[in-house]
Amino acid sequence: MTEYTSDLLRLLSSRGYIHQVTDAGALDALAAKEIVPGYIGFDPTAPSLHVGSLVQIMLLRRLQQAGHKPIVLMGGGTGKVGDPSFKDEARKLLTIDTIASNIASIKTVFENFLTFGDGPTDAVMVDNADWLDKLEYIPFLRDIGQHFSINRMLSFDSVKLRLDREQSLSFLEFNYMILQAYDFLELSRRSGCRLQMGGSDQWGNIVNGIELSRRVDGTDVFGVTTPLITTADGGKMGKTMSGAVWLNPDQLPHYDYWQFWRNTDDRDVGRFLRLFTDLPLDEIARLEALEGAEINEAKKILANEATAMCRGRAAAENAAETARKTFEEGHAGDALPTLAVAGEIAIVDALVSLGFCASKGEARRLIKGGGARIDGVKVEEEATMVAVTREVRLSAGKKHHGVLKPAT
């Protein structure tokens, strides 16, 4: 592990956030001597962000914890275009009213993670529509466009992916990387922003902004990316068989959010405790060393801490108590129905076999109505197959719960 002198990079490094850094020595020196404003952009494509965005939100939290200034950039402007990065097809274009509504909804979650205000290290939230909507096309092409090489833009993985698959990449989307680079230039000018952070898929866009700021204003700015957060089984963080795990409570109940963390793979517990909670590293080391059934206690702590940070301590405690009554007391009294499964089973068959539905037709109607859940997450597709390599909790409505167990 690289030895850093600044609290910022030491904190990010020790908790596993760093994938790449531009000019790490210069950024380390800057962060050791002065407050560094840093930003991450979030496009308002839905009313809520999901846990796939959580590592970036936590990155802003760590920035503030280390004594620096977080800037939350809402993509009210770029959201009208859509980020093509590693997408198979163009995003659906959103109306201006939908974008505004999504931003208002998303804003609420950040207040749980950051301290906002007017102080030197208080977080601020800005919208890139404030400057992008006012751009004039010809002056923008002349002043900014001249600094971008089409040859280089075509070489970025996010673009090559679409072209190699012979999938359409519109000129509208192709402009996205120029607009994102321009955001960094504008934030450098408006807020003295010296750092852009993001996921590893944003490396090319971040480097573009760094080079643009240097060429146009002669300003030295920096970039940090996080590793792609995947689960131990290779899945993408926050993607479940039943859909996204939303951060906003009106999109996903507290209990279901808690259950998502409770069901973390044993191998991911320590890493997720470092990334998604504020627990001290020595305590995390103790928890991740637990083995056998004891690791479940670490998972409950992860669920409690992650839920408390996003939804509040009362929500976490209520969810934990609900889980205890539903599952632990149920297991102790052998009250929960159990089905042994060899390999996998269709969700429709599982609902019928556990006695939750009288027929497959009734099971399909339950799923269509949003009443079926796997490990607390709503089932979206009738054709869902459930892989039973561990205990899986299956629910029909709020009152009927059962367990799918691997056949021995």
Side-chain angles (χ1 to χ4, degrees), residues 8 11-12 17 31 35-83 85 94 98-133 176 179-199 201-202 205-206 209 213 221-226 229 238 246-249 251 275-276 278 306 309-311:
L8 173 62
L11 176 60
L12 297 185
Y17 292 95
I35 294 172
V36 177
Y39 89 98
I40 298 176
F42 300 87
D43 272 344
T45 54
S48 172
L49 300 174
H50 56 72
V51 294
S53 298
L54 188 55
V55 71
Q56 306 308 322
I57 298 173
M58 290 299 298
L59 199 54
L60 290 171
R61 181 179 177 87
R62 302 304 185 207
L63 184 75
Q64 189 167 52
Q65 287 174 336
H68 302 282
K69 187 176 185 69
I71 300 172
V72 181
L73 177 65
M74 299 306 301
T78 44
K80 297 169 185 172
V81 176
D83 183 357
S85 296
L94 303 176
T98 298
I99 290 172
S101 175
N102 287 349
I103 289 176
S105 178
I106 289 169
K107 279 182 177 179
T108 59
V109 80
F110 281 95
E111 294 170 354
N112 297 322
F113 293 88
L114 302 171
T115 300
F116 287 84
D118 299 324
T121 63
D122 286 341
V124 295
M125 182 172 282
V126 296
D127 186 344
N128 62 13
D130 291 346
W131 54 83
L132 295 182
D133 283 0
Y176 184 92
L179 297 177
Q180 183 170 328
Y182 186 72
D183 283 344
F184 203 171
L185 178 65
E186 276 290 331
L187 287 171
S188 171
R189 291 171 170 176
R190 291 167 177 250
S191 306
C193 183
R194 305 293 299 278
L195 175 64
Q196 183 183 358
M197 301 178 291
D201 61 333
Q202 295 298 315
N205 290 331
I206 291 172
S213 295
V221 293
F222 305 92
V224 171
T225 62
T226 57
I229 306 300
W246 300 106
L247 301 184
N248 282 44
Q251 299 290 316
L275 289 170
F276 302 115
D278 285 343
M309 191 175 295
C310 184
R311 303 294 185 83

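All figures in this text were calculated on a predicted structure; none of them were measured in a lab.
Looking at Tyr17 and Met58, their side chains come closer than 4.5 Å, going by heavy atoms from C-beta outward. Contact check for Leu60 versus Tyr39: no side-chain heavy atoms found under the 4.5 Å cut-off. For the pair Leu59/Leu12, a side-chain contact is recorded, criterion being any heavy-atom separation below 4.5 Å from C-beta on. Contact check for Glu186 versus Asn128: no side-chain heavy atoms found under the 4.5 Å cut-off. Taking the side chain as every heavy atom from C-beta outward, Pro47 and Asn248 never approach each other to under 4.5 Å. Counting only heavy atoms from C-beta outward, the side chains of Val109 and Cys310 approach each other to under 4.5 Å. Met197 has its side chain within reach of Leu63: a pair of non-hydrogen atoms, C-beta onward, lies under 4.5 Å apart.
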(request) Decide side chain to side chain contact (heavy atoms under 4.5 Å, CB included) for Phe42 and Ile57; before the verdict, give the C-alpha distance in whole Å, the side-chain angles of both, and the deciding distance to 0.1 Å. (result) CA-CA 10 Å; Phe42 300 87; Ile57 298 173; 4.1 Å; yes

(request) Verify side chain to side chain contact (heavy atoms under 4.5 Å, CB included) between Arg190 and Trp131, making sure each step is shown before the conclusion. (result) CA-CA 11 Å; Arg190 291 167 177 250; Trp131 54 83; 3.4 Å; yes

(request) Given side chain to side chain contact (heavy atoms under 4.5 Å, CB included), test His68 with Leu195 step by step and report yes or no. (result) CA-CA 11 Å; His68 302 282; Leu195 175 64; over 6 Å; no

(request) Apply the test side chain to side chain contact (heavy atoms under 4.5 Å, CB included) to residues Gln196 and Asn205: give CA-CA distance (whole Å), side-chain angles for both, the deciding distance (0.1 Å), then the verdict. (result) CA-CA 10 Å; Gln196 183 183 358; Asn205 290 331; 5.5 Å; no

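Nearest heavy atom pair, residue Phe116 against residue Asp122, reads C-CB, 4.0 Å. Nearest heavy-atom pair, Leu114 versus Ala123, reported as atom, atom and distance to 0.1 Å: CB-CB, 4.0 Å. Nearest heavy atoms, Pro44 versus Ile106: CA-CD1, 3.9 Å. When all heavy atoms of Thr121 and Pro70 are compared, the pair lying nearest together is O-CD, 3.6 Å. Smallest separation of non-hydrogen atoms from Gly76 and Ala129: C-CB, 3.8 Å. Contact between Leu247 and Ser48 at its shortest, heavy atoms only, is N-OG, 3.3 Å.
Note that CG of Leu187 is 5.5 Å distant from CD1 of Ile71, once rounded to the nearest 0.5 Å. Note: Asn102 CG to Leu94 CG = 6.5 Å, rounded to the nearest 0.5 Å. In this structure, Gln251 CD and His50 NE2 are separated by 11.5 Å, a value rounded to the nearest 0.5 Å.
With hydrogens and angles left out, the side-chain atoms of Gln180 and Gln202 include a donor and acceptor closer than 3.5 Å. Side-chain contact, Thr78 with Asp183: no donor N or O sits under 3.5 Å from an acceptor N or O. There is a side-chain donor-acceptor pair under 3.5 Å between Gln65 and Arg62.
Side-chain N or O atoms of Asp43 include none that pairs as donor or acceptor with a backbone N or O of Thr45 at under 3.5 Å. For the pair Ser213 (side chain) and Gly209 (backbone), a donor-acceptor distance under 3.5 Å is present. Looking at Lys69, its side chain does come within 3.5 Å of a backbone N or O of Gly119 through a donor-acceptor pair. Side chain of Thr108 to main chain of Ser105: a donor-acceptor pair is present (N/O by atom type, distance under 3.5 Å, no hydrogens or angles). Arg311 contributes no side-chain N or O that, together with a main-chain N or O of Ala306, makes up a donor-acceptor pair within less than 3.5 Å. The backbone N or O of Thr115 sits less than 3.5 Å from a side-chain atom of Gln64, completing a donor-acceptor pair.
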